[in-house]
Amino acid sequence: MSDILNIVGNRIRQFRTAKNLSQEELALKANVDPTHIGRIERGVNNASIEMLNKIITAMGISLEDFFKQTQQPYNTDDEVLSNIIAKLILLNKDEKESMLEFVTNYKLLKKK
């Protein structure tokens, strides 16, 4: 498995879970086989550009959003962190700033 296959697969999984879609639901919306979605997410199959476009269109996201920050400086094996980040990516700038303030204040409260 190459790194790029894992990056693309993890990115699809992040957006899919952020939108509360199962692999089967996404496959139905994209008109592809559910097992193919799973293999792409695991980095086993290489998604063609056409297939990738079908998948991201079915999730209602743009190519630009999909490829923003694809190089992630965190361990994508941490499913909870991946889900949090996927949900944060979908927020607008003001919402992201509010979440940063919340996390910062939460950490300060935990120290007390």
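FYI, the numbering just counts along the sequence from 1.
- A search for salt bridge (charged side-chain N to carboxylate O under 4.0 Å, His left out) contacts involving Glu25 returns nothing, not counting sequence neighbours.
- Between Leu21 and Phe15 there is no side-chain heavy-atom pair separated by less than 4.5 Å.
- Arg16 is listed as a side-chain neighbour of Arg13, based on a closest heavy-atom distance under 4.5 Å.
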Indicate every side-chain donor-acceptor pair of residues 30-40 with a distance under 3.5 Å to a residue at least two apart or in another chain.
from, atom 1, to, atom 2, distance (Å)
Asp33, OD1, Thr35, N, 2.8
Asp33, OD1, Thr35, OG1, 2.2
Thr35, OG1, Arg39, NH1, 3.4
His36, ND1, Asn45, ND2, 3.1

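- For Ser98, there are no side-chain hydrogen bond (donor to acceptor under 3.5 Å, both in side chains) partners two or more places apart in sequence or in a different chain.
- With sequence neighbours excluded, the residues forming a side-chain contact (heavy atoms from CB on, under 4.5 Å) with Ile84 are Val80, Leu88, listed by chain and number.
- To the nearest 0.5 Å, atom CD of residue Gln14 and atom CZ of residue Arg11 are 6.0 Å apart.
- Qualifying side-chain contact (heavy atoms from CB on, under 4.5 Å) partners for Leu28, counting only residues two or more places apart in sequence or in other chains: none.
- Counting all heavy atoms, side chain and backbone alike, Met59 lies closest to Lys19 at O-CE, 2.8 Å.
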Please list every donor-acceptor pair under 3.5 Å in which a side-chain atom of residues 47-57 meets a protein atom from a residue at least two apart or in another chain.
from, atom 1, to, atom 2, distance (Å)
Ser48, OG, Met51, N, 3.0
Thr57, OG1, Asn53, O, 2.7

Decide yes or no on side chain to side chain contact (heavy atoms under 4.5 Å, CB included) for Glu97 and Glu101, but give the supporting numbers first. CA-CA 6 Å; Glu97 287 173 355; Glu101 185 178 337; over 6 Å; no
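- Among all heavy-atom pairs drawn from Ile12 and Glu41, the shortest one is CG2-OE2, 3.7 Å.
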